[in-house]
2 protein chains.
Amino acid sequence: MLVHASRSTRARSQTVERAALILTCFTSEEPHLGLPALAAKLGLNQSTAYRYVASLQRAGLLSRDDRRGGYRLGLRLIELAGIALNQIEVRKHALDEMDKLRDGVSLLVNLAVLLEGDVLHLAHSAPRALPRMYTALGRRAVAHCTALGKVLLAHRPWDEVRQLIERYGWRPYTEHSIRELGRLQTELQGIRERGYAVDKEERRRDVVCLAAPIRDYSGSVVAALSVSGRKARMTPERQRQLLPRVLEAANRISFRLGFHGNAAYL
Amino acid sequence: MLVHASRSTRARSQTVERAALILTCFTSEEPHLGLPALAAKLGLNQSTAYRYVASLQRAGLLSRDDRRGGYRLGLRLIELAGIALNQIEVRKHALDEMDKLRDGVSLLVNLAVLLEGDVLHLAHSAPRALPRMYTALGRRAVAHCTALGKVLLAHRPWDEVRQLIERYGWRPYTEHSIRELGRLQTELQGIRERGYAVDKEERRRDVVCLAAPIRDYSGSVVAALSVSGRKARMTPERQRQLLPRVLEAANRISFRLGFHGNAAYL
DNA sequence: ATTGGTACTTGCACATATTGAAACTCGGGC
DNA sequence: GCCCGAGTTTCAATATGTGCAAGTACCAAT
């Protein structure tokens, strides 16, 4: 059995870590930061921040915003992300199945994994009708408020889930979002038993999702697949029709990843 | 006239730059590297490389490949790239127009910018018929062998173009790819005069592309738009029909970026 | 089981590259 | 013309990163 979860290794470089922190200061909410803001955010001396930023810029990881001043994330990241994406085994196998599923159900299909307890979107397949999406790719969402996230959390140790909530709080999106440990635990338990998760407007009003887990050769859940649509179109009856199709697609992907077993024991 | 091309600033951090170099060691061709390989590639002591890698890993910029050993680019990059993408003004405005153009012509539509002399794909809009693409997003291509790239190069100073060729060589893709400075110069000149570029199987056999420049408020060419299709479908006649549509779409995007002038003087 | 090889990991003494304070430049708004 | 904030540079002090060399864990071939 593998021991190393996420190596804590005491080998590290302060400089590299602080430079990496600079990158993670940029978020969807604050995609544009000045030197003083960055320095303040990380408690760095402005000189230090400056030198980091200058070097990150040379590497294309950061770039200046000539119009407004300040910095934003650089084009190099887009290139690197492209390479990273193509390395993700599950995504490679999922794309075809996602398109097939989308054609079958005419709904938005999403693929996601867990990153630091949040949902990270790796791909989507949208029916022609839908208005073009802002880049769903790389979008991050609170896990316990989405079907995708709940499926992924359901297959993590409860302790880990609890710690995440403690650390980040509930961060609810709508009035339907879960906000109690007890309810979350029951919900996750149910998801494990049923083999899928439902999101009834917990993420966004008027949007309902169904999600199923994807497993790799070893049986661990490495990703989740979902379909989502407006509430009006996602009647209980429609959901009953949808469910087997989502599960089948997810299972097909798992199969392609080398999972041939029965997941019941997990 | 703007003076600062890419600030040379002598402020820099060796450590940060070397760490960034580690990331750029990973390419589509070598997306998976071990510690010794990385250290060798950059001429670093293995201990040093190790400490960098350990820190990059903590930041999620790198991750281990548990099955094969070695490292690959991390999920964090996908999140960051998503943020970076949404910051790109031209992309925001282009998406709608690209979808409209695609619907009009039923061909693959692409948007790209120049990154270090190469073409970097920022978005695409594919007709339903096309088989799902491997992530075109973030894909990099040799500029002078593609319509997109030639349009972008045509609006850079010739000296810069020449230096790029000198530095990286011709890197041809097919037997039609340009491989002489003289021919390239004539080609770029023609593109500036005509206002569009054509790629006749220079990038891939059997694929023909048409590309047009996109300008921002200041009149500089910041991106390029293209349509591409199989040779058989891109007859000279079809190209004549296509051309005005591509140009119109590109101009519309330029307009939305605040370019209302006449580009003739540039 | 034993061996050898490879990739990864750590400890330590040295000195180099990073650090922070303070001062300077530049440009925009008042 | 003056002020202010963002970005940039300098320089001495030293924390930080460095390379070597030894150590561990794993795999695969004996």
Side-chain angles (χ1 to χ4, degrees), chain A residues 1-22 25-26 30-59 61-74 217-218, chain B residues 1-23 25-26 30-59 61-74 218:
Chain A
M1 183 154 308
L2 299 181
V3 191
H4 52 258
S6 53
R7 291 259 51 76
S8 59
T9 132
R10 45 193 135 320
R12 43 192 297 192
S13 158
Q14 191 187 72
T15 306
V16 174
E17 286 187 12
R18 299 208 281 195
L21 277 181
I22 293 225
C25 280
F26 294 85
E30 288 194 296
H32 180 260
L33 295 165
L35 199 43
L38 278 170
K41 228 173 213 234
L42 301 176
L44 293 177
N45 181 298
Q46 179 168 303
S47 294
T48 305
Y50 175 65
R51 283 179 289 248
Y52 289 168
V53 163
S55 291
L56 290 172
Q57 214 181 320
R58 283 162 162 260
L61 298 174
L62 233 49
S63 64
R64 295 224 45 148
D65 190 319
D66 283 324
R67 268 228 261 195
R68 298 185 286 172
Y71 302 86
R72 53 201 163 102
L73 296 172
Y217 68 101
S218 75
Chain B
M1 185 152 306
L2 299 181
V3 190
H4 52 258
S6 52
R7 290 255 54 74
S8 61
T9 129
R10 44 193 133 320
R12 43 192 296 193
S13 158
Q14 189 186 77
T15 307
V16 174
E17 287 186 13
R18 297 208 283 194
L21 276 180
I22 293 224
L23 294 180
C25 281
F26 295 84
E30 289 192 295
H32 179 262
L33 295 164
L35 200 42
L38 278 171
K41 228 173 215 237
L42 302 176
L44 293 177
N45 182 299
Q46 181 168 298
S47 295
T48 305
Y50 175 64
R51 283 179 287 248
Y52 289 167
V53 163
S55 292
L56 290 172
Q57 215 182 319
R58 284 163 162 255
L61 298 174
L62 234 49
S63 65
R64 297 224 42 149
D65 190 319
D66 283 324
R67 268 228 259 195
R68 297 185 286 171
Y71 303 87
R72 52 199 165 109
L73 294 172
S218 76

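All values derive from a computational prediction rather than experimental measurement. Protein chains get the first letters and strands the later ones, always in sequence-line order, with residue 1 at the start of each.
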Specify the separation, in whole Å, of atom CZ of B:Arg72 and atom P of C:dA7.
18 Å
Whole-Å gap separating P (D:dT8) and CG (A:Leu35)
8 Å
5' to 3', nucleotides 17-27 of chain C under a 4.0 Å protein heavy-atom cut-off (B base, S sugar-phosphate only, - none) gives SSBBBB-----
So, for B:Arg51 and A:Ala11, which heavy atoms are closest and what is the spacing to 0.1 Å?
CG-CB, 3.9 Å
Interatomic distance where CZ belongs to A:Arg64 and C1' belongs to D:dG7 [whole Å]:
7 Å
Shortest non-hydrogen contact from A:Pro31 to A:Phe26?
O-CD2, 3.5 Å
If you compare all heavy atoms of B:Ala20 against all heavy atoms of A:Leu61, which two are closest, and at what distance to 0.1 Å?
CB-CD1, 3.9 Å
Could you tell me which non-hydrogen atom of B:Val16 sits nearest to which non-hydrogen atom of A:Thr15, and how far apart they are?
CG2-CG2, 3.7 Å
So, for A:Tyr71 and A:Leu35, which heavy atoms are closest and what is the spacing to 0.1 Å?
CE1-N, 4.2 Å
Looking at B:Arg12, B:Arg18, B:Gln14, B:Glu17, which one forms a side-chain hydrogen bond (donor to acceptor under 3.5 Å, both in side chains) with A:Ser55?
B:Glu17
Atom-pair distance (OH on A:Tyr50; C1' on D:dC11), nearest Å
16 Å
Tell me: CG of A:Leu33 to C1' of D:dG7, nearest whole Å?
15 Å
